[in-house]
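See structure below.
Lettering of chains follows the sequences in order, A, B, ..., and the numbering in each one begins at 1.
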Amino acid sequence: MARVVVDVMLKPEILDPQGQAVQRALPRLGFDGISDVRQGKRFELEVEGPVDEAALARIRELAETFLANTVIEDFDVRVEETAEEVAP
Amino acid sequence: MSTRVGVVTFPGSLDDRDAQRAVRLAGAEPVALWHRDTSLHQVDAVILPGGFSYGDYLRCGAIARFSPVMETIIEQARAGLPVLGICNGFQVLCESHLLPGALTRNDHLHFICRDQRLRVENASTAWTADYTAGQEITIPLKNGEGGYVADERTLDELEAEGRVVFRYLDRNPNGSRRDIAGVTNAAGNVVGLMPHPEHAVESLTGPTTDGLGFFTSVLKKLVAAS
């Protein structure tokens, strides 16, 4: 079983009031030196079978049509190595 | 035979009953459509009501867009079926790409609920023919994610083609680009807006009866066409 991670972020030109609210709370909590925060979404997809180019193409299609609204959001698809693959 | 206007109920829809009531007050027959319906039961027009379809999970309107009833509505809207999306319905229409742009979280992060003054910019759509261009109306506005955004090129196109149907007056309540409260598709049969005309159809319960014109507009258009 392989995991594919899809990150979805608002495009840079789209205002992110939630991220701004988080950023503004930081000094009050004693965290200084963070000039900007953008908030996004992370999806973890557990994929059955091999994650080959065809599978990734399908997942990109899924991300483009459903997980992200490409009018306002960008997305990034990547394969996450599982523990057993890293340490055989 | 009376004119039949379908009102879709998704899990989480809130204003479907008010929309049905507005249809009835305008003189048409409201027809309840369920999100799992693939048939539109021979309705002459469709309203997507306000609320929080599918809990607003993922993005407002994103899951509703893939419901069985929407597959049919998208197909028929492209063929000219009048469709009105109110609030969450507007979000569904944008997610369906029947209307351009998207709705994002209000720039001040607060849920807003108040009577809102609007200017009718386009009185030639299926849903606004009973108004006059430039007319000012007041109807309720209530949303947390009502900021209308689109890229500059799309906004310029909408302005040039007269597809901005409503603009906020007094102050912009949610950070919408160019004070846009509602837009239409190129054909003028699909209209979406964030404020709620269905809550302003009776003096007992609404701030005005300014919203009734949406429902009488579509009725007249359909009667004229039949």
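Within a 6.0 Å radius of CZ in B/F52, no more than 12 heavy atoms belonging to other residues, nucleotides or ligands are found. Within 6.0 Å of CZ in B/R167 there are more than 12 heavy atoms belonging to other residues, nucleotides or ligands. No more than 12 heavy atoms of other residues, nucleotides or ligands shown are found within 6.0 angstrom of CZ on A/F31.
Annotation: ring pair (Phe, Tyr, Trp, His ring centres under 6.0 Å) contacts of B/F10 (sequence neighbours excluded): none.
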Once you leave out hydrogens and angles, what donor-acceptor pairs under 3.5 Å do chain B and chain A share?
| from | atom 1 | to | atom 2 | distance (Å) |
| --- | --- | --- | --- | --- |
| B/L58 | O | A/K41 | NZ | 3.0 |
| B/R59 | NH1 | A/F66 | O | 3.1 |
| B/R59 | NH1 | A/L67 | O | 2.8 |
| B/R59 | NH2 | A/F66 | O | 2.9 |
| B/E95 | OE2 | A/N69 | ND2 | 3.3 |

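Contacts between A/F66 and chain B at a heavy-atom distance below 4.5 Å involve backbone atoms as well as side-chain atoms.
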